[in-house]
There are 2 protein chains.
Amino acid sequence: MTSYSPVPEKKHSRIQLRNRKRIIDAALEVFSQHGYRGATLDQIAEQAGLSKPNILYYFDGKEAIHVTLLNKLMETWLDPLAKMDPDGDPLDEILGYMHRKMQMSRKFPRESRLFANEILQGAPRMGPHLESGLKPLFEEKVALIQSWMDDGKLAASDPRHLIFSIWATTQHYADFEAQVSVLTKGDKAVFPGAEAYLDTLFRKVLEP
Amino acid sequence: MTSYSPVPEKKHSRIQLRNRKRIIDAALEVFSQHGYRGATLDQIAEQAGLSKPNILYYFDGKEAIHVTLLNKLMETWLDPLAKMDPDGDPLDEILGYMHRKMQMSRKFPRESRLFANEILQGAPRMGPHLESGLKPLFEEKVALIQSWMDDGKLAASDPRHLIFSIWATTQHYADFEAQVSVLTKGDKAVFPGAEAYLDTLFRKVLEP
DNA sequence: CTGCTTTTTTACCATTTGGTAAAGTGACGA
DNA sequence: TCGTCACTTTACCAAATGGTAAAAAAGCAG
């Protein structure tokens, strides 16, 4: 069992904890804005309020920071889907999921863009995580939705493309914010409008 | 009037034309895969089969290549939307638009990722184009769709979010291909399935 | 206080990368 | 065949960037 920390085993002092958190926060800011290659250790250092060598005291390198960040956020990212309840009302569960994803776009746009960047580049540092983290969850929920459709509780369609369309439409507002904001300038209620629109949209596809 | 070309005015020899095209093609490949900062002139040079200084003989620099590329592709990118016909059948026109966008994702995924990269980073080299190229067209079509809705030819909803959702869902298959392919491994008919699903989806929102 | 460990800084380094100067090569008309 | 102009290559350079070594400073247990 190797550790990411420079200290061999889990010896996390208060300073250790505080600075590692600072670095991860700074890295989220910088990586999500510039992508992996576009981000520099100097930028992360400045954002974190630490010197570059000091950052390398806490992490083994640029890539280690990025991987740690991705790992840390993976659970948060999958959480809304994991919360989809097999025992709940099918329509409520899926619309609820869509709304939770929308909240993610609204509250965590940096996290959204971080993942978007990584996937766009072909997921070079996240391939394994897609297989081991996302895929099983995806398949579980696809099967769940399929069973709801088979039971006639939802209109039949391809559950995989349904999930893709939820991801696409909700993440769009975070990932393509630069474009959305140009095209909706002056509208203070873009997110509420989007939520209302998507609610109607998915309700119409899903209602039996 | 300044020109991008090293030759002051429009003196485009055969070699000039051929090599500029090679460079643009190579740049599309490299920029779409690695993003602006991630791409290097050496990569573009190798892909183009030319030396780096030779590339700089044809273009003023990395940024000039990127800007030229973006400009060249802008029209192609907006074309499907521009083709939406005010005199056509509303439902056919919008679904037709969606299908044309889907074709773009299928046939020009690199172009899609190029734009996605640029927007994700906040459109630093495309801001003006969004304002001058995309925005007027967007607003024209929003007004058109709104008038169709006002006339009762389509179910009422927010035309802006409708267009966003078409962009999001169709481009998803190109931009997040790395993720889609992991989750649909073995399925040879992802695109046809997506098209059928999206056809149903938008038909249900749009039908009055 | 004291000695030891953890943390931070200073001073570097090697590589990569965008870019340039200038010499060389080739095509083509007079 | 020669001169000119368009194109290409060779040999560089300065800045940026990821990373390191080692000294200095700060914590902290006794």
Starting from [atom2] on [N], measure out to [atom1] on [X] and report it in whole angstrom.
{"X": "A/Phe31", "N": "D/dT17", "atom1": "CZ", "atom2": "P", "result": "13 Å"}
{"X": "A/Leu56", "N": "D/dT17", "atom1": "CG", "atom2": "C1'", "result": "11 Å"}
{"X": "B/Tyr36", "N": "C/dT17", "atom1": "OH", "atom2": "C1'", "result": "12 Å"}
{"X": "A/Tyr58", "N": "D/dT20", "atom1": "OH", "atom2": "P", "result": "17 Å"}
{"X": "B/Asn54", "N": "C/dG18", "atom1": "CG", "atom2": "C1'", "result": "16 Å"}
{"X": "A/Ile55", "N": "C/dT7", "atom1": "CD1", "atom2": "P", "result": "15 Å"}
{"X": "B/Asp42", "N": "C/dT16", "atom1": "CG", "atom2": "C1'", "result": "9 Å"}
{"X": "A/Glu46", "N": "C/dT8", "atom1": "CD", "atom2": "P", "result": "18 Å"}

Any salt bridge between [X] and [Y], counting N to O under 4.0 Å?
{"X": "A/Arg100", "Y": "A/Asp79", "answer": "no"}
{"X": "A/Lys185", "Y": "B/Glu131", "answer": "yes"}
{"X": "A/Arg125", "Y": "A/Glu63", "answer": "no"}

Phosphate OP1/OP2 of [N] contacted by [X] side-chain N/O (<4.0 Å):
{"X": "B/Asn19", "N": "D/dT8", "answer": "yes"}
{"X": "B/Ser51", "N": "D/dT9", "answer": "yes"}
{"X": "B/Tyr57", "N": "D/dT8", "answer": "no"}
{"X": "B/Arg18", "N": "D/dC7", "answer": "no"}
{"X": "A/Gln16", "N": "C/dT7", "answer": "yes"}

What contact category does B/Ala39 fall into here, base, sugar-phosphate, or nothing, at under 4.0 angstrom with non-hydrogen atoms?
sugar-phosphate
Which is true for B/Leu41 with a 4.0 Å heavy-atom rule: it touches a base, it touches only sugar-phosphate, or it touches nothing?
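Here B/Leu41 touches the backbone only, sparing every base.
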Specify the residue among B/Lys52 and B/Ile15 whose closest nucleotide of DNA chain D lies further upstream toward the 5′ end.
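The answer here is B/Ile15.
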Is there a donor and acceptor pair, one atom on the side chain of B/Lys62 and one on the base of C/dG19, closer than 3.5 Å?
no
How about A/Leu137 and A/Lys141: do any of their side-chain heavy atoms sit closer than 4.5 Å?
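Answer yes - side chains close enough.
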Just to verify, which of A/Ile65, A/Leu114, A/Ile44 counts as forming a side chain to side chain contact (heavy atoms under 4.5 Å, CB included) with A/Val30?
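By the side chain to side chain contact (heavy atoms under 4.5 Å, CB included) criterion, A/Val30 pairs with just one of A/Ile65, A/Leu114, A/Ile44: A/Ile44.
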